[in-house]
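Below is one structure, written out as C-alpha cells; comments come after it.
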There are 2 protein chains.
Amino acid sequence: MKKISSRTIARALLYLRTLETLIRDGKDTVSSRELARITGLTDVQIRKDISNFGKVGTPGVGYNVAELKKVLEDIVLAKKVIRMALFGAGHLGTAILKYPAFGKQKLRIVAAFDRDKRKIGRTINGVKVYPVEKAPEIIRKNRVDIGIIAVPPESGQKVADLMVLSGLKAIVNFAPVSLNVPGAVSVRDIDLSIEFLSVYCDTQK
Amino acid sequence: MKKISSRTIARALLYLRTLETLIRDGKDTVSSRELARITGLTDVQIRKDISNFGKVGTPGVGYNVAELKKVLEDIVLAKKVIRMALFGAGHLGTAILKYPAFGKQKLRIVAAFDRDKRKIGRTINGVKVYPVEKAPEIIRKNRVDIGIIAVPPESGQKVADLMVLSGLKAIVNFAPVSLNVPGAVSVRDIDLSIEFLSVYCDTQK
DNA sequence: AATAAATCGTGAAATTTGTAACGATTGCAT
DNA sequence: ATGCAATCGTTACAAATTTCACGATTTATT
C-alpha cells in the first residue's frame, strides 16, 4: 500500500471533523465540491486525498457521509483510545487539561506531571498531577501514546529526554525551544509566538 | 524583490528565536551547520533561506549573530509592536493572555472580548475583558493587527465575521471549525485535537 | 430509451519545495 | 606566501505536492 503523507493525514483529520458536523446536521451525502466549500480547499484535492484511502464515492452522487467517516477513521484512527501525558501544569497545561473537545474524541490525558510541589497531588479536570520523577513508570504502565510539553523553554529539552527515555514516540511541544530527539520520535512544535507572527507576516507581503 | 513563501517566513521566525538564545549565550557567530544542528533542519536549507534575505554570511566564518538577527527582523518584523485582540476568555483564552513569552517580544494583546457577563469588566494579566459588541470600535481605535479566536466552535464563524467587519486581516483560530472569510484575510487554524492526532499518526505508518 | 447533468477517480502536467554539488571567499597554520 | 579547512551563496537537480483534464459512472428528465 502507498504511504500516505503527513499533510494528507492532517487534511483527512480535517475531513473527519467536517463530516462529524455534517452528520449532526443530518446530511447523508456530500460532494467533493461541498467539502471544498466548507474547508476552503479545492474539490480536486479532496477527491485525490480520499482516493488514497480507496474508492468510496459514487459518481454523480458524492460520498456517503457515514461511510466516508468510517473509511477515514479506520485508516487514520484505528485505535480506540489515544492516551496522552502532559508535562507542565501551568496556565497552558491547565487549559489543555480542560480542553472540552477531547471529551468527544478518542484523545484522553491520563496523567500530568509538574515540578512544583504545590501542584503535585492535585487533580485537574479528573487528571492527577504527579512529580516528574514518576513519569517513566506511569507512562509505561498506562501505555501512553503522546507526550505534551507545556513547560518553560529552559526545561523543554530535559522533559523531551525523559519522554524519549520513557518510550514515547510522539511529542507535541508547546515550549518555544527546538528539541533534540532520535529520528524515530515525531515532534510537532507549536510556538504560539511564531504562529501569531507568521500569520501576521502572511498579510504583509 | 522575490516573494518569500509562507514556510520560509515561518522558518525565519524559528531562526530568530534560535538567534536570541545564542545571543543570550554570548555567541558572536554561527554557521549554517550549527543552526541546522540546533533546529533539526539541514544546513543547505538554512543557507538557502537566509540567502533570500541578502548576503549576510561570511564564507569560512558563518553568520554574525547580531547582524543576522537584524536582517531577519527588518524583513519579517518591521513593525515595532504587533497588536492582538482575543475573543473568548475561557481556559484557553486565559492561558493565552498569561502566556509569558509575549512579554519579551513584539506581541501584545490589547483587548479581550467575551459574551459572559461575569467575565466582562475583569482584567486578566493587565488586559481588560469587554463585551463582544464593543469589538469593532476597540479594534479600530487600537489598530489591532491580529485576531485570536478562542471561543467554542459554534461561535467561531460569528466571531470571524465580526473580525472581518472590524477590518482585521490576520486571524489565528483555535476553534475546531472551518472559517469562511474573504481571500484577503489570512487564517491560521490550530485545532488541538488535529495536532495531537496527526503527530500520533506520523508514528504509525 | 436516450440525453443531460453531476460527480468521482486518476494519469499527466505544472508548481512548489527541498537537496545536492560546487565554485568562491575567508581565516589559520606553517 | 602558500596550502588547507571551513563555510557561504547559487545553479542545477530531485522530490513532493497540487492542479488540470478527462474518461467513466450514476441519477434525473423527457
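Each chain gets a letter, A, B and so on, in the order its sequence line appears, and its residues count up from 1.
- Residue contacts for A:T8: at a heavy-atom cut-off of 4.0 Å it reaches no nucleic acid atom on any strand shown.
- A:Y63 has a side-chain polar atom (N or O) that falls below the 4.0 Å cut-off from OP1 or OP2 of C:dG9.
- Nearest-nucleotide mapping onto DNA chain C: of A:S31 and B:S5, the residue sitting toward the 5' end is A:S31.
- For the pair A:L68 CG and C:dC8 P, the computed distance is 10 Å after rounding to whole Å.
- For the pair B:Q45 CD and D:dC8 P, the interatomic distance rounds to 15 Å; values are reported in whole Å.
- Salt-bridge check for B:D43 with B:R33: failed, with every basic side-chain N at 4.0 Å or more from each acidic carboxylate O.
- Between B:F196 and A:F174, the ring planes are perpendicular. Angles over 60° get that label, and only those under 30° would be called parallel.
- Contact between the side-chain N/O atoms of A:K55 and the OP1/OP2 oxygens of D:dT25 is not found at any separation under 4.0 Å.
- Rounded to an integer number of Å, the gap from B:L35 CG to D:dG9 P is 12 Å.
- Judged purely by atom type and a 3.5 angstrom limit, A:S5 uses its side chain to pair as donor or acceptor with the backbone of A:T8.
- A straight line from CG of B:D43 to C1' of D:dT10 spans 14 Å, rounded to a whole angstrom.
- D:dT17 atom P lies 11 Å from atom CG of A:N52, rounded to whole Å.
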Hey, mind stepping through B:R17 and A:S178 against side chain to side chain donor-acceptor pair (under 3.5 Å) and telling me if it holds?
-> CA-CA 9 Å; B:R17 187 184 79 185; A:S178 296; 3.1 Å; yes
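- Distance check: B:L197 CG to A:L107 CG gives 4.5 Å after rounding to the nearest 0.5 Å.
- Here the side chain of A:N125 pairs a donor or acceptor atom with the backbone of A:L97 at under 3.5 angstrom.
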Write down the protein N/O and nucleotide N/O pairs, taken from nucleotides 21-30 of chain C, whose separation is under 3.5 Å; answer none if there are no such pairs.
| from | atom 1 | to | atom 2 | distance (Å) |
| --- | --- | --- | --- | --- |
| C:dT26 | O4' | B:P59 | O | 3.2 |

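- The side chain of A:S32 has C:dC8 as its nearest neighbour among D:dT19, C:dC8, D:dT11.
- Across the protein-nucleic acid pair, B:K48 atom NZ and D:dA14 atom P stand 14 Å apart, rounded to whole Å.
- Atoms CD1 (A:I50) and C1' (C:dT7) sit 12 Å apart, rounded to a whole Å.
- Side-chain N/O atoms of B:R33 include one lying less than 4.0 angstrom from OP1 or OP2 on D:dT7.
- Ion pair B:K27/B:E34 flagged as a salt bridge, since at least one NZ, NE, NH1 or NH2 atom sits closer than 4.0 Å to an Asp/Glu carboxylate oxygen.
- Atom CG in A:D49 sits about 17 Å away from atom P in D:dA16, given to the nearest Å.
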